[in-house]
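A, B, ... follow the sequence lines: proteins, then strands. Residue 1 opens every chain. Quantities reported herein were computed from a predicted structural model and do not represent experimental measurements.
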Protein chains: 4
Amino acid sequence: MPDGAVKTEKKPVKKPVKKKDKYRQRQTEVIDAAAAVFAKKGYHGASTGDIAALLGIAQSSLYYYFKSKDEALEKVCLHGIKGYVERLQAIVAGDGSAEDKIRGAIHNHIEPVIFIPDYFRTFVGELRYLPENRRQKLNNMIAEYNALFEQILVDGIAEKTFTGSLDSHSTMLMLIAQCNTVPFWFGQFEQYSPAQLADMLADNFLQGALWRPN
Amino acid sequence: MPDGAVKTEKKPVKKPVKKKDKYRQRQTEVIDAAAAVFAKKGYHGASTGDIAALLGIAQSSLYYYFKSKDEALEKVCLHGIKGYVERLQAIVAGDGSAEDKIRGAIHNHIEPVIFIPDYFRTFVGELRYLPENRRQKLNNMIAEYNALFEQILVDGIAEKTFTGSLDSHSTMLMLIAQCNTVPFWFGQFEQYSPAQLADMLADNFLQGALWRPN
Amino acid sequence: MPDGAVKTEKKPVKKPVKKKDKYRQRQTEVIDAAAAVFAKKGYHGASTGDIAALLGIAQSSLYYYFKSKDEALEKVCLHGIKGYVERLQAIVAGDGSAEDKIRGAIHNHIEPVIFIPDYFRTFVGELRYLPENRRQKLNNMIAEYNALFEQILVDGIAEKTFTGSLDSHSTMLMLIAQCNTVPFWFGQFEQYSPAQLADMLADNFLQGALWRPN
Amino acid sequence: MPDGAVKTEKKPVKKPVKKKDKYRQRQTEVIDAAAAVFAKKGYHGASTGDIAALLGIAQSSLYYYFKSKDEALEKVCLHGIKGYVERLQAIVAGDGSAEDKIRGAIHNHIEPVIFIPDYFRTFVGELRYLPENRRQKLNNMIAEYNALFEQILVDGIAEKTFTGSLDSHSTMLMLIAQCNTVPFWFGQFEQYSPAQLADMLADNFLQGALWRPN
DNA sequence: AATGAATGAGGATTCATTCAT
DNA sequence: CATGAATGAATCCTCATTCAT
């Protein structure tokens, strides 16, 4: 009984929370739309009108959710790599072999690429159009990510998991580049799950293509 | 008499040839500039003003060399893959092993990527902005190129040069995607020659990264 | 006394009054803010967002206190010259000399200019942006004010307080214009009180700048 | 004969000059229009469309003559005070009495105010909307101008042309302010020439309004 | 009594393109 | 050959205003 009273009293306390939540949710939808349009048409090829049309709202209404097209791109990119670094840190810090780690890293990289392809394609293809000042933070994250990735290779070479002829830096770049291209051709391969794709890629990287008689 | 006639006759005959040559040459410079600007800023991010500025001429003067920005992009893309298919055809028709052929194909693919990076980056990154009608021809070339590439893999699997677990289609796409990313990070690797890079890539693809005690 | 009854009876009677008072008071604050923003940024350079920000409320909340930006400007202007005409009428109707009256008029004009500078600057500088229909009333007040001012000059010339070479109309305009400019540079003269400033201005007007040996 | 040849040779040399001249001339017309519109509607109340409409050209064509609305305002303001400082310098450097100089200064100030009223009204009323960076130069010119003006007053007080009770700084500001207001009410006084107006103003300032029996 | 959400209209600016010379 | 001049369309963004709550 008192509970009922408490509940009705809570409302005025709760409301602002709910409102902010609703705003956040709508903002997410708006950024989703931006990601979709940027991915499809490229940042400069996309107009705010395109985004608004996708949402079925007025162009000017977009600006209630972001302050500029730049900011929208930034938000898309940030969401595109959210958690990436953290997850890779966990993998690197783990106690598996270098092979396990590289497989883990490839899975980590590819899965979001496939689950939020619009965000990821935008991140990969349009980040360079983000103005210098907004790009800084993202560049730092990339640098950190790359360093972690390379670390796995370096360690693997040291522990003789990987061949000593591997140039860790260029290999890292190539491997990441390869993963990054996935969302651009994945559409044609719906028969493979993201995990399968990641495995294929990892196998390819680790084993090579040559036939090995056994 | 004949002399005079010849002279006056020759002029209108010869000059146009020379003029056309000069025109062609200047046009090449213009398309070079377009390629450079497209590569740097993206098709939609680039303005005809940027191209003109790079050449030190007036914007309107560009239209003497191409009819529209679209056409400029088309010319850049066409030049970006000129000879690609033909050279790959020759490689496929050759009588080396599948391994040799795949190495040859990778070299073939990478060298231009590096020698005319502006053209190639534009081709890889901006082709999708080319209007449907102009894109047709290029798409056909790509399809043919991909088919040739895949053929090598298919043959290689058949002749047991490549492991049977290889999915030829997706492998082809990944391999090409990997080659295509080269011009985007090559700048950092001036210590490697294009040929060395191609070898590294081919080795990686063929041998894999795992350490092989022997 | 039947306190209880009175109290409960009064409430519904009094509250609306109190409410209106509170509304009026808040409205005054809102118009104050509008005056400040208009004075600083100009009518067209000011946005309703600026006003709301100064008050710490939402833009849309402003419309509870005025129906449009136009109306806000009108309210500011009206408040800016409230009492002006009446006080000048009193001065003109008084029985001092023309010199006293012109001094009184200048004081009358300058003091509000300084005590409510935002209102006054807005009135002087932004009135012209008020739409025709709203401007009518204010224009009439100005005309009346000017006429009263000129009357002092005319009378002063007739009674030989002022030199006969004075063109009363243009002099009136110049004198008023001079007073109007005060709030635009007064900030730099905090060492002078409004009354001193008015005196300086009046002295200048009456005596002139030339040195008079005596 | 040689003359003819020379003449035809000159053409290519002369042309560029003529073209630039034509551009300059047209630019002047454009800035004239901008001044007119700014003066009438205020900087923020004026749209580039208004300016274009006055010229009978397309909005976008304006940008061939100035890079931004800001720049247009700057050009108008600069033109509005062109020569002001220099002419006042000449007056101050002259060898007349302080009275002559102050008369000269008032004439100098008022005449352009009347001959190019749009420029001047814009300069007086809209300069404050010019972004900080563009305003610097103009502010410096104003400071220099004011200093020169004040110098006349200081000298005049020293040489006992002006009464010792004069506060030179505030008087300077008031006098200039008074001159500046002229173009805002001059329209009503077409019976007076600029010179007459300047004389009236100077007389007023020097002699004062009081009747002097003599 | 106030606000969140949304919008239409307008505004500055860019840009590809044209055309006379 | 090349350009100066001009323009229409598009684009990003701001803003006054509305209205349900």
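Applying the salt bridge (Lys or Arg N to Asp or Glu O under 4.0 Å) criterion to B:E29, with sequence neighbours excluded, gives B:R26. The salt bridge (Lys or Arg N to Asp or Glu O under 4.0 Å) check on D:R128 picks up C:E126, with sequence neighbours excluded. Scored by the side-chain contact (heavy atoms from CB on, under 4.5 Å) test, A:L127 finds A:C77, A:F123, A:L130, A:R135, A:L138, A:N139, A:I142 as partners (sequence neighbours excluded). The side-chain contact (heavy atoms from CB on, under 4.5 Å) test applied to C:Y64 returns C:Y23, not counting sequence neighbours. Partners of D:D32 according to the side chain to side chain donor-acceptor pair (under 3.5 Å) rule, which considers only residues two or more places apart in sequence or in another chain, are D:Y119. Every residue two or more places apart in sequence or in another chain that forms a salt bridge (Lys or Arg N to Asp or Glu O under 4.0 Å) with C:K75 is listed here: C:E71.
The heavy-atom pair separating C:F120 from C:G80 by the smallest distance is CD1-O, 3.9 Å. Across all non-hydrogen atoms, the minimal contact from A:V76 to A:A34 is CG2-CB, 4.2 Å.
Within residues 69-80 of chain C, no residue has a heavy atom under 4.0 Å from DNA chain E. Near DNA chain E, defined here as any heavy-atom distance below 4.0 Å, there are no residues from residues 32-39 of chain B. If you check residues 51-65 of chain A against DNA chain E, the residues with a heavy atom closer than 4.0 Å are A:I57, A:A58, A:S60, A:S61, A:Y64, A:Y65, listed by number.
Residue pairs meeting the side chain to side chain donor-acceptor pair (under 3.5 Å) criterion with at least one member in residues 53-63 of chain A, sequence neighbours excluded, do not occur.
Checking the phosphate oxygens (OP1, OP2) of F:dA16, a side-chain nitrogen or oxygen of C:T48 falls inside 4.0 Å.
Following rounding to the nearest Å, A:D21 (CG) and E:dG4 (P) show an atom-to-atom distance of 15 Å. Rounding to whole angstrom units, CD of residue B:E29 and P of F:dC1 are separated by 13 Å. Atom NZ in B:K67 sits about 14 Å away from atom P in E:dC19, given to the nearest Å. Atom CZ of A:R24 is separated from atom P of E:dA5 by 12 Å (rounded to the nearest Å). Following rounding to the nearest Å, B:F66 (CZ) and F:dA2 (C1') show an atom-to-atom distance of 14 Å. Atom-to-atom, CD of A:Q27 to C1' of E:dG4 comes out at 14 Å; the value is rounded to the nearest Å. The distance from atom NZ of D:K41 to atom P of E:dA12 is 11 Å, rounded to the nearest whole Å. A straight line from NE2 of A:H44 to P of E:dT14 spans 13 Å, rounded to a whole angstrom.
Sequence order on DNA chain F of the closest nucleotides to C:G45 and A:G45 puts A:G45 first from the 5' end. Two residues, C:R26 and A:R26, neighbour DNA chain E, and the one matched to the more 5' nucleotide by heavy-atom proximity is C:R26.
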Quiz item: So what is the 5' to 3' dot-bracket string for DNA chain E, if pairs are Watson-Crick or G-U wobble with both distances under 3.5 Å, crossing pairs use [ ] and | means the partner sits on another strand?
Solution: .||||||||||||||||||||
Which atom pairs, one a donor and one an acceptor, fall under 3.5 Å between side chains of residues 43-57 of chain D and the rest of the protein, sequence neighbours left out?
{"residue": "D:Y43", "atom": "OH", "partner": "D:D70", "partner atom": "N", "Å": "3.2"}
{"residue": "D:Y43", "atom": "OH", "partner": "D:D70", "partner atom": "OD1", "Å": "2.8"}
{"residue": "D:S47", "atom": "OG", "partner": "D:G49", "partner atom": "N", "Å": "3.2"}
{"residue": "D:S47", "atom": "OG", "partner": "D:D50", "partner atom": "N", "Å": "3.1"}
{"residue": "D:S47", "atom": "OG", "partner": "D:D50", "partner atom": "OD2", "Å": "3.4"}
{"residue": "D:D50", "atom": "OD2", "partner": "D:K41", "partner atom": "NZ", "Å": "3.4"}
{"residue": "D:D50", "atom": "OD2", "partner": "D:S47", "partner atom": "N", "Å": "3.0"}

Exercise. Start with the C-alpha distance between A:L78 and A:K137, add both sets of side-chain angles, then the distance that settles side chain to side chain contact (heavy atoms under 4.5 Å, CB included), and finish with yes or no.
Key: CA-CA 9 Å; A:L78 279 170; A:K137 203 199 310 184; 4.2 Å; yes
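In this structure, OG1 on D:T122 lies 10.0 Å from CD1 on D:I116, to the nearest 0.5 angstrom.
If you check every strand for non-hydrogen atoms under 4.0 Å, C:Y23 touches nothing.
Contact of the D:K69 side chain with the D:F38 side chain is registered, since non-hydrogen atoms from C-beta on lie closer than 4.5 Å.
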